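The block underneath contains the structure these notes are about, expressed in structure tokens.
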Protein chains: 2
Amino acid sequence: MSVTLDYVPQLRARGYRMTSQRMAILRVLHHFGGHLSPTQVYEQARKQLPNLTETTVYRTLEFLAEHGLARSAHMGNGHLVYEIAQHEHHHLICRNCGNTVEVKHSLLKTMYQKLESSSGYKLTDSHLTFFGLCSDCK
Amino acid sequence: MSVTLDYVPQLRARGYRMTSQRMAILRVLHHFGGHLSPTQVYEQARKQLPNLTETTVYRTLEFLAEHGLARSAHMGNGHLVYEIAQHEHHHLICRNCGNTVEVKHSLLKTMYQKLESSSGYKLTDSHLTFFGLCSDCK
DNA sequence: CATGCTATTGCAAGAAGTTGCAATAAGGAA
DNA sequence: TTCCTTATTGCAACTTCTTGCAATAGCATG
């Protein structure tokens, strides 16, 4: 049990608290592995914590993403999904069949550097979603 | 008047129609130039067309984006905004102060090519939003 | 210019996401 | 262990976005 307990010190160090709601949501993300919509997270987590509210799920997911424990990604048309934070990667989605491919961050590294030096910005978030047609559909 | 009329043949050729709603929305996007949220578009366009509905605005913006007359972009946390389709560009947004910078597509060209050859995908949409800290905030 | 096909709209109901505020409960300190 | 501070949650009301379906209106055709 309790991958989730590993996160406690990370939170405490910054003045935040570990709660049963956060644990349940982290457990869901961790166990499922892939992308989940807020509603999906809510349905799963509620099995462990029946009086969890959707409000809390939305707020918690945003909180986790902001503090690096989860990542958010834009799918299809402007909807956010979340996954547990692991290796840095991006997504490539087929507009036609919806097929999704992971893209290693290393492929974009040079471009990130070019972008930083030309703009003066320090890029923080690092999840991009690209849309296109996969080899079958094009 | 009627930049909007220029679009008529584009639509007809593909079997779509030019309507007063589409004209009003295109006019708003064209006149404003920058990013607008669906609600902002609705409020502006309604001045010209009082019985326009929000439903239609949402559907029209999606339609225009799908057919290349407008572009959609993800801002802040998962909300879509739209602008008239012009030169290809991307955005760089400061997480702290919200300041926004345009990024020329040419800067990302090499990366797009790398991505296409390594994935087999043909990239279609070409608007990305990057998040970071601007030179003042970092 | 009248007709017919069907793309497009408006309406109404619903789903998804947000916000303010008072009540609750982590977890540090006594 | 108990107390206290305040981060976090739940509730309720609200805004934003989506969907199905019947009514409307572009526009090609005769």
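Computed from a predicted model, the values in this text were never measured in an experiment. Order of the sequence lines fixes the chain letters, A, B, ..., with proteins taken first and strands second; residue numbering starts at 1 for each chain.
B:Tyr16 and B:His67 share a donor-acceptor pair across their side chains, judged by distance under 3.5 Å alone. In this model, a donor atom of one side chain and an acceptor atom of the other lie less than 3.5 Å apart for A:His90 and A:His105. A donor-acceptor contact under 3.5 angstrom links the side chains of A:Gln40 and A:Ser37, judged on distance only.
Separating the NE2 atom in B:His89 from the NE2 atom in B:His91 is a distance of 3.5 Å, to the nearest 0.5 Å. Distance check: A:Ile93 CD1 to A:His74 NE2 gives 11.0 Å after rounding to the nearest 0.5 Å.
In this structure, B:Phe63 places its CZ atom 9 Å from C1' of C:dT8, rounding to the nearest Å. With rounding to whole Å, A:Leu36 atom CG is found 14 Å from C:dA16 atom P. Following rounding to the nearest Å, B:Tyr7 (OH) and D:dC27 (C1') show an atom-to-atom distance of 21 Å. The CE-C1' distance, from B:Met23 to C:dT9, rounds to 15 Å in whole Å. One interatomic measurement links the two molecules: NE2 of B:His67 to C1' of C:dA7, which rounds to 12 Å at whole-angstrom precision. Atom pair A:Met75:CE and C:dA16:P shows a separation of 17 Å (rounding to whole Å applied). In this structure, A:Leu64 atom CG and D:dT8 atom P are separated by 11 Å, rounded to whole Å. As rounded to whole Å, 15 Å separates atom C1' of C:dT9 from atom CD of B:Glu62.
Using a 4.0 Å cut-off on heavy atoms, the residues of residues 41-56 of chain A that approach DNA chain C are A:Thr55, listed by number.
Taking the six-membered ring where tryptophan is involved, the planes of A:Tyr112 and B:Phe130 are perpendicular, since the angle between them exceeds 60° and thus also 30°.
A donor-acceptor distance shorter than 3.5 angstrom exists from the side chain of A:Glu116 to the backbone of A:Leu123, with no hydrogens or angles considered.
Listed pair B:Tyr58 / D:dT18 fails the phosphate criterion, with no side-chain N or O lying under 4.0 Å from OP1 or OP2.
The environment of NE2 in A:His31 is sparse: at most 12 heavy-atom neighbours from other residues, nucleotides or ligands sit within 6.0 Å. No more than 12 heavy atoms of other residues, nucleotides or ligands shown are found within 6.0 angstrom of NZ on A:Lys109.
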Contact string for nucleotides 21-30 of chain C, one letter per nucleotide 5' to 3', B = base within protein heavy-atom range under 4.0 Å, S = sugar-phosphate only, - = neither, reads ----BBSS--

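Across all strands shown, B:Ser37 has no heavy atoms under 4.0 Å from either base or sugar-phosphate atoms.
Comparing D:dT16, C:dT8, D:dT8 by their closest approach to the side chain of B:Thr39 singles out D:dT16.
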